[in-house]
Amino acid sequence: MNYVLKNLPVRSQKPRTTGFTMVMDKGLSIKEVENFIDANSDFVDIVKLGWATSYLTKNLAQKIDIYQDAGIPVYLGGTLFEAFVIRGQFEDYRRVLQKYNLKFAEVSDGSISLNHDKKCEYIDILTKDVTVLSEVGSKDAAKIIPPYKWIEQMQAELQAGSWKVIGEAREGGTVGLFRDSGEVRQGLVEEILTKIPEEKILWEAPQKEQQVWFVKLLGANVNLGNIATNEVIPLETIRLGLRGDTFDHFLGDHQL
Amino acid sequence: MNYVLKNLPVRSQKPRTTGFTMVMDKGLSIKEVENFIDANSDFVDIVKLGWATSYLTKNLAQKIDIYQDAGIPVYLGGTLFEAFVIRGQFEDYRRVLQKYNLKFAEVSDGSISLNHDKKCEYIDILTKDVTVLSEVGSKDAAKIIPPYKWIEQMQAELQAGSWKVIGEAREGGTVGLFRDSGEVRQGLVEEILTKIPEEKILWEAPQKEQQVWFVKLLGANVNLGNIATNEVIPLETIRLGLRGDTFDHFLGDHQL
Amino acid sequence: MNYVLKNLPVRSQKPRTTGFTMVMDKGLSIKEVENFIDANSDFVDIVKLGWATSYLTKNLAQKIDIYQDAGIPVYLGGTLFEAFVIRGQFEDYRRVLQKYNLKFAEVSDGSISLNHDKKCEYIDILTKDVTVLSEVGSKDAAKIIPPYKWIEQMQAELQAGSWKVIGEAREGGTVGLFRDSGEVRQGLVEEILTKIPEEKILWEAPQKEQQVWFVKLLGANVNLGNIATNEVIPLETIRLGLRGDTFDHFLGDHQL
């Protein structure tokens, strides 16, 4: 770092399994990717090409290679997995992963109805090819899943081979873990944490208030996702207690 | 596209007259324009240099040339037209269009009071030089124009020579077609569509929910405008049913 | 400018002491800084590296040099000053300013409790090294400072050597000068202006509505800060009455 500040929380280093930051790219150009990596690569653990934006990305293979050559694995948004599955094109999806040299994939059912055993079967099959992240929670604000169900599904998906389970938000930070206002469903999060190891969960938290909330609950090294490309350094300061929102939080821990 | 997904809605191709996307540039640098074009040019039909930002743009001629050489025509925001007109400098405005080699212009009265016959006269004069888009709707939230008036004005402006009429929003997506909350004035839109051919209208819809609403009402190939430069690929996925918001909408159409 | 529009308000020119625009950089890469300068340098008077983002910035010295070589001084956010002070590292902070060749610094107490005499002492000491901007107002929404207190503190800080005093907002435009909704605390601003010369105050106003409010109250050449990098040209059009929001405001002044 550029200067020494005493008593900062200790951050995990790359390759990270905790304190993980997943960033969403929703259509950056090649040069924009290069600029992004230049400033942020130390703080980015994985990049998601949001939902099905990869369908329309020019020079997709080159883009993925640039990220991966910089030590940042890439995966395709879960909505794309669902778009292939609902069209009966799951085998085509596997070929896409291979063609683009992807080492990670997401399995989700945010936009489609998928029998949960079938979802776990997809996870099981894909773990033969790649490391799987699977997502729990609907994109439909009307579909409220009770906490015990989140837990059951997360447990079954980890059992089926998921490396981590993702708690759904959206790019905008509503639905799933959050109310329409963006507020965290606190009881849900706390109940999940009684049963699922924290390091196995990646919390989607695109809004600053949501990131602050998770850092205050779980510390500097909480796994967070759906971070916008221009919010990576701001998030890192939140993790370190170097932004107003968490400034006090870590001082107490370190008896200043 | 990068892989084959079955049963997607058929999108119009460039040069488009339907399924048209108008993007707002509110001050990109030359290199940012090049990056933008690199990733998005297939999905952008015209760029508006927002309101009077062109007054302050460095290397304006070069910027316009870069867009136009990439097959993306440029026009200057309607507020600039109004700024010239209210100062009695309409002839200066015509010279600006010529100097910068512009082939399109906008005629609007969102910030000034303009007798409607006079507005149509400006349209008529400008059609001698360029292709005219004219805009209906005030930027003043207090000025509610009833639907029959929108229709009368749109008809008169098309008659006077407008290539398309624009339904006003703002950069932020309020006023005109929308309520203060950003919600679409649905009755207004539906009544307009009983009288004005859909392909003659360009709907300003900067917010995602507004874009989704129009795609659900009018399909993948609705004309949309005031799209932010980093929302072009996201909009394209909405048009194709490849984002959560419209995922279901097109599946029904294609009997999956 | 690119063409002549009559009867525009007269803008101050660089180096400005009124009509000053302070921009917040919260993590741009080197190339992004170059792109930003290319399009905006005439309209930017100083750049703040937001809160403690400088701790994490790659090639920090190079970044600061690029700004300063383009005639744009740089300073580090007040939260960083506070992070050093609360750790008993004030002398380290002074060395950081020197190491990076900074000519400006901010003294604030938005996140820490600091006796006001002590704050003025820090201002006094730092004026030996750099030009000081000091900030009044808490980042804590619960801490409401009454207007007479704002005035007393601003007067004491100017007395202690501050070049300008900053009215606190946040990156998001809440707290300090603003209510939770982002609305300006009008009575507070008006009372401050009865006692403190306008040119000595830099108002943080990141939201467009806030910028419009201050331009309408104090004219084109009001000092505004916490402007996002992509809102500099839009702000300049607001100052000049070339955006819908202030279009009418200046026309009246010039008897069109």
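Numbered from 1 within each chain, the chains take letters A, B, ... in sequence-line order.
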salt_bridge(C/K31, A/E34) N-O dist < 4.0 Å: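 Here C/K31 does not pair with A/E34 in a salt bridge, since their nearest N and O are not under 4.0 Å apart.
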For the [atom1] atom of [X] and the [atom2] atom of [Y], what is their distance to the nearest 0.5 Å?
X      : Y      : atom1 : atom2 : answer
A/R243 : C/L80  : CZ    : CG    : 14.0 Å
C/D92  : A/L5   : CG    : CG    : 8.5 Å
C/Y55  : A/T237 : OH    : OG1   : 12.0 Å

Closest non-hydrogen atom pair between C/A83 and A/L242, with its separation: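 That would be CB-CD2, 3.9 Å.
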Which of these passes side-chain contact (heavy atoms from CB on, under 4.5 Å) with C/K58: A/D38, A/I233, A/N2?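 Of the listed residues A/D38, A/I233, A/N2, the side-chain contact (heavy atoms from CB on, under 4.5 Å) partner of C/K58 is A/D38.
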Is the NZ atom of A/K14 crowded by more than 12 outside heavy atoms at less than 6.0 Å?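 Atom NZ in A/K14 is crowded, with more than 12 foreign heavy atoms closer than 6.0 Å.
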Flag yes if more than 12 heavy atoms outside C/Q98 fall under 6.0 Å of its CD atom; otherwise flag no. no
Given heavy-atom pairs under 4.5 angstrom as the criterion, report whether the side chain, backbone, both or neither of C/I30 touches chain A.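 Both backbone and side chain.
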What part of C/K63 lies closer than 4.5 angstrom to a heavy atom of chain A: side chain, backbone, both or neither? neither
I'd like to know whether A/E32 forms a side-chain contact (heavy atoms from CB on, under 4.5 Å) with C/E32, so could you lay out the CA-CA distance, the side-chain angles of the two residues, the decisive distance to 0.1 Å, and finally the verdict. CA-CA 9 Å; A/E32 288 167 341; C/E32 288 167 343; over 6 Å; no
Check: C/Q89 side chain, A/K6 main-chain N or O, donor-acceptor pair, under 3.5 Å: yes
Let's test your reading of the structure: which of C/G50, C/S54, C/G27 forms the most heavy-atom pairs below 4.5 Å with chain A?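 Going by pairs under 4.5 Å, I would pick C/S54.
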Name the option with the most non-hydrogen atom pairs under 4.5 Å to chain A; the candidates are C/L56, C/T79, C/T57.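 Among C/L56, C/T79, C/T57, the one with the most close pairs to chain A is C/L56.
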How about C/Y93 and A/Y3: are their ring centres within less than 6.0 Å of each other?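 No; A/Y3 has its ring centre 6.0 Å or more from that of C/Y93.
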Output the residues of residues 115-132 of chain C for which the shortest heavy-atom distance to chain A is under 4.5 Å, in residue-number order; output 'none' if no such residue exists. none
